[in-house]
Number of protein chains: 2
Amino acid sequence: MLKIKPTTINDVAARAGVSYQTVSRVINQHPSVSKNALERVRQAIESLNYQPSNAARHLATQRSKVIGVVSYGTVHYGPAQMLASLEQAVQGSGYSLSNVNVSDLTLEEIAGAIQTLRRQRVDGLILFAPLIGIAHTDLESLCADLPLVITDAEPQSGRAVASIDQFTGGRLAAQHLIGLGHRQIALLSGPLTWYDALLRHQGWLSALQQAGLTPVATLESDWTPASGYRATAELLESGTSFTALLAANDQMALGALRAFHERGLELPRDVSVVGFDDIPEAAFLEPPLTTVRQDFSALAQRSLDQLTACIDQPSAPRHLTMLVPELIVRSSTAAPVMKLEPHSPSLRRKP
Amino acid sequence: MLKIKPTTINDVAARAGVSYQTVSRVINQHPSVSKNALERVRQAIESLNYQPSNAARHLATQRSKVIGVVSYGTVHYGPAQMLASLEQAVQGSGYSLSNVNVSDLTLEEIAGAIQTLRRQRVDGLILFAPLIGIAHTDLESLCADLPLVITDAEPQSGRAVASIDQFTGGRLAAQHLIGLGHRQIALLSGPLTWYDALLRHQGWLSALQQAGLTPVATLESDWTPASGYRATAELLESGTSFTALLAANDQMALGALRAFHERGLELPRDVSVVGFDDIPEAAFLEPPLTTVRQDFSALAQRSLDQLTACIDQPSAPRHLTMLVPELIVRSSTAAPVMKLEPHSPSLRRKP
DNA sequence: CGGAAATTTGTGAACGATCACAGTGTATAG
DNA sequence: CTATACACTGTGATCGTTCACAAATTTCCG
């Protein structure tokens with residue numbers, strides 16, 4: 001298990017015939033270095049392929065230049081996209097990312113993730129785990145005095161929050177259907193332990209309520225196409241009558257599409273469906289899916305900007321950023337067939 | 001910009017009334033600590049919410065306990081899945097992951113990524129960037145004496161490689177179509193700068209050749225549904241006659257599906273399509289997609305096992321792991337309609 | 001050419017942990 | 001009751017870097 005020691009600042013100094021401090025100055029672009037020394041040190045660095053040790057630097061400067069991320073469900077489209085966007089956004093900012101993905105939304109898991117990141121002495125924290133059920137006081141004590149930006153969580157006073165306005169997104173989707181004339185609308189939610197899922201759900205309800213409607217059915221499933229399929233199949237079996245379905249993400253909408261197809265129902269003639277996310281597949285489904293697009297890279301950029309602001313100036317005021325998502329109308333939605341027609345479009349109306 | 005200093009081993013020692021060394025022993029579970037001291041230190045750690053500094057530890061022990069990852073294209077399904085699986089796999093191994101996603105497959109980008117990871121003094125490297133065009137000698141000098149596992153790259157002697165056997169995957173897909181009786185097969189490749197794309201392509205060709213066939217068309221696009229759609233549309237416009245299409249991933253297959261739909265072609269009656277990846281959506285498309293499934297979590301686990309073996313014992317022999325992907329037959333493939341029938345299934349045959 | 005100012009360079013201590021070794025104190029044996 | 005082993009505890013040096021300060025060198029001006 002021999003391990004060859006990497007070259008250090010001293011090796012470079014010896015090679016260049018200067019003191020280690022001069023090398024340090026070159027690395028940190030300190031102005032008081034003579035042209036001569038600068039050149040020699042540069043060459044020594046080059047020829048030894050020297051890279052300064054982040055750990056030693058961190059120890060000496062008391063800043064790790066690492067931003068911690070606590071994520072959840074990165075196998076799903078939204079979180080995966082968010083993570084990739086964050087990675088993109090830190091490029092060139094001088095920071096690097098350290099991500100811990102929690103497999104469960106328990107307080108223990110979250111606490112464990114934060115502790116892992118504390119051991120790394122991260123300079124700040126971006127939380128994009130839906131924190132329903134985690135008391136703010138717990139979070140407070142876990143993060144202590146760490147600069148923190150929360151994503152996908154309820155706005156809390158005194159905390160920097162950057163979110164996509166899921167509530168408005170939900171309203172947008174529902175209003176679209178209502179505007180088309182739908183009055184019998186079923187809801188296919190994500191797991192309501194996710195803050196996003198809850199907010200989209202509440203957004204739907206808000207719009208329905210405003211139009212004097214109540215959902216004809218409320219289903220909850222787990223974001224996957226399979227669960228969306230099952231839930232929709234059950235709904236159809238139950239004989240509930242509806243003309244439109246609001247799904248909390250595109251994958252579940254896809255499962256629903258499949259359930260409709262299998263029963264010979266056509267979109268948008270027999271049912272309208274609105275998804276959420278605008279996954280790359282959405283435009284190419286049969287039919288192309290009307291959905292709500294979220295701008296993850298903008299969210300990532302904002303989160304990062306806010307966090308770095310907090311790090312540089314802890315006294316700075318905490319902002320609350322809300323990005324409004326965008327409704328993308330495609331072909332999975334249309335006006336419902338007139339109620340007066342003899343062959344009513346309502347599905348399997350109970351006898 | 002005041003920064004409250006995190007608690008150190010000395011704070012704990014003072015609190016517990018012992019020396020810092022005793023605290024260190026408790027942290028590292030050294031046996032020679034009296035029950036009394038152990039208990040007091042534990043309480044001090046608890047009440048101060050102490051977390052040892054990884055950086056200081058790293059400096060003293062000369063091991064960072066970090067594994068570096070160089071990835072490419074993590075917005076796409078495969079790489080994203082691989083990354084999530086790796087994250088899953090390191091949980092509890094004592095290591096943590098540091099990922100750098102390169103935006104370009106140039107030598108400079110790769111070199112930059114590796115340097116970033118060298119500054120972190122990673123204990124080992126997992127490369128899952130398709131390294132076509134990067135000379136082995138370059139790689140050799142970049143990684144010097146770092147334990148290294150390569151994924152998605154050509155087998156190199158002396159290097160540990162863990163891959164999914166894309167070539168065989170491609171063969172499987174092609175053989176399936178050939179077995180069904182297809183003889184006019186078009187190919188829809190990914191960008192051939194990706195090693196995976198190239199290998200799948202070669203696998204297809206190999207199976208076709210073995211059956212005495214040549215592809216009726218060869219398209220190359222960029223993994224996205226949109227590009228798959230465009231390529232397929234162009235193919236249809238060109239009037240080329242074919243009964244089946246091999247796509248290098250499911251998303252491009254989806255784009256193709258859409259192009260067929262729009263022209264009134266039905267699957268699998270008029271055309272058969274095989275994808276690659278088995279994305280969660282695949283089973284719910286219209287029609288459910290026949291595809292080739294890759295086991296990313298197995299790949300991640302293997303890569304990690306190999307790497308840790310290399311780290312613990314650099315002299316250990318390098319293995320070459322090949323995971324065979326699995327053909328998932330669904331409803332997008334069927335035997336072609338008989339050629340003898342009056343209304344031939346071949347598409348837009350040139351006059 | 002002398003001396004002050006400015007520029008450049010070097011020295012010692014610190015960061016927070018571990019390692020190697022040298023002390024304690026207590027029990028066990030002769 | 002002394003000698004020896006053993007369990008436990010503490011001290012100094014170290015890892016690779018930066019910081020604060022001091023020393024050495026150069027530049028400038030009268």
Side-chain angles (χ1 to χ4, degrees), chain A residues 1-42 44-45 48-66 94 118-123, chain B residues 1-42 44-45 48-66 94 118-123:
Chain A
M1 193 167 108
L2 87 167
K3 174 134 179 159
I4 300 107
K5 274 198 201 171
T7 56
T8 75
I9 206 174
N10 290 299
D11 302 331
V12 176
R15 172 94 171 210
V18 294
S19 78
Y20 55 83
Q21 184 59 253
T22 305
V23 178
S24 173
R25 288 195 180 97
V26 172
I27 298 168
N28 296 295
Q29 305 178 45
H30 188 100
S32 352
V33 172
S34 70
K35 271 219 149 140
N36 183 346
L38 186 76
E39 193 45 42
R40 282 207 318 242
V41 170
R42 281 223 175 111
I45 288 177
L48 293 173
N49 190 20
Y50 164 76
Q51 295 291 134
S53 154
N54 278 349
R57 224 164 179 169
H58 165 190
L59 209 55
T61 58
Q62 301 283 67
R63 344 198 100 265
S64 62
K65 284 296 186 178
V66 173
R118 286 185 86 86
R119 276 199 289 272
Q120 298 184 43
R121 300 287 188 271
V122 293
D123 290 335
Chain B
M1 196 168 106
L2 87 166
K3 174 133 180 162
I4 299 107
K5 275 199 202 171
T7 56
T8 76
I9 206 173
N10 291 299
D11 302 331
V12 176
R15 173 91 169 213
V18 294
S19 77
Y20 55 82
Q21 184 59 252
T22 304
V23 178
S24 172
R25 289 196 180 96
V26 172
I27 297 168
N28 296 294
Q29 305 178 43
H30 188 99
S32 335
V33 173
S34 71
K35 271 218 146 136
N36 184 345
L38 185 77
E39 192 46 41
R40 280 206 320 242
V41 171
R42 281 223 175 112
I45 288 177
L48 293 172
N49 190 21
Y50 165 75
Q51 295 291 133
S53 155
N54 279 350
R57 227 166 177 168
H58 165 189
L59 211 54
T61 58
Q62 301 286 62
R63 343 200 101 265
S64 64
K65 284 295 182 178
V66 173
R118 286 184 87 86
R119 276 199 288 273
Q120 298 184 41
R121 300 288 188 270
V122 293
D123 291 335

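Being a predicted model, the structure only gives us computed values, none of them experimental. All values below come from the heavy atoms of this structure, side chains included, with hydrogens, waters and symmetry mates left out.
- B:N54 comes within 4.0 angstrom of no nucleic acid atom, judged by non-hydrogen atoms across all strands.
- One interatomic measurement links the two molecules: CG of B:N10 to C1' of C:dT18, which rounds to 13 Å at whole-angstrom precision.
- In this structure, the CG atom of A:L59 is 13 Å from the C1' atom of D:dC19, given to the nearest Å.
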Review point. Is there a side chain to side chain contact (heavy atoms under 4.5 Å, CB included) between A:V23 and A:R15 once you walk through the steps?
Key: CA-CA 11 Å; A:V23 178; A:R15 172 94 171 210; over 6 Å; no
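- Residue A:Y20 places its side chain closer to C:dT11 than to any other of C:dT9, C:dT11, D:dT11.
- Spacing between atom NZ of B:K35 and atom P of D:dC8 amounts to 11 Å, rounded to whole angstrom units.
- Nearest to the side chain of B:R25, among D:dT18, C:dA17, D:dG10, sits D:dG10.
- The phosphate of C:dG10 (OP1 or OP2) has a side-chain N or O of A:S19 nearer than 4.0 angstrom.
- Per the geometry, CG belonging to A:N28 stands 15 Å off P belonging to C:dT9, to the nearest Å.
- Using a 4.0 Å heavy-atom distance criterion, A:S32 is classed as a base contact.
- Counting all heavy atoms, side chain and backbone alike, A:I9 lies closest to A:Y50 at N-CE1, 3.7 Å.
- Panel note: side chain B:R119, backbone A:N54; no donor-acceptor pair is recorded below 3.5 Å.
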Practice item. Please test A:T7 against A:V12 for side chain to side chain contact (heavy atoms under 4.5 Å, CB included), starting from the C-alpha separation and ending with a verdict. Key: CA-CA 8 Å; A:T7 56; A:V12 176; 5.5 Å; no
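- Distance B:Q62 CD to C:dG16 P: 19 Å, rounded to the nearest Å.
- Note: CZ (B:R121) to P (C:dA17) measures 20 Å, nearest angstrom.
- Residue A:R119 contributes atom CZ, which lies 14 Å from atom C1' of C:dA17 at whole-angstrom precision.
- Protein atom CZ of A:R118 is 14 Å distant from nucleotide atom P of C:dG16, rounded to whole Å.
- The side chain of B:S53 contributes no N or O atom lying less than 4.0 Å from OP1 or OP2 of C:dG16.
- With hydrogens and angles ignored, no donor-acceptor pair under 3.5 angstrom links the side chain of B:Q21 to the base of C:dT18.
- Considering all non-hydrogen atoms of both residues, A:A16 and A:R40 come closest at O-NE, 2.9 Å.
- A:S24 has no side-chain polar atom (N or O) that falls below the 4.0 Å cut-off from OP1 or OP2 of D:dT17.
- B:A55 comes within 4.0 angstrom of no nucleic acid atom, judged by non-hydrogen atoms across all strands.
- Scanning both residues, A:R63 and A:D123, for their nearest heavy atoms gives CA-OD1, 3.7 Å.
- Which of D:dT17, C:dG16, D:dG16 sits closest to the side chain of A:K5 comes down to D:dG16.
- Between A:S34 and the phosphate of C:dT9, there is a side-chain N or O to OP1/OP2 separation shorter than 4.0 Å.
- Residue-to-nucleotide proximity on DNA chain D shows that, of B:A60 and B:T22, the 5′-proximal contact is made by B:T22.
- Comparing B:P31 and A:P52, the nucleotide of DNA chain D nearest to each residue sits closer to the 5' end for B:P31.
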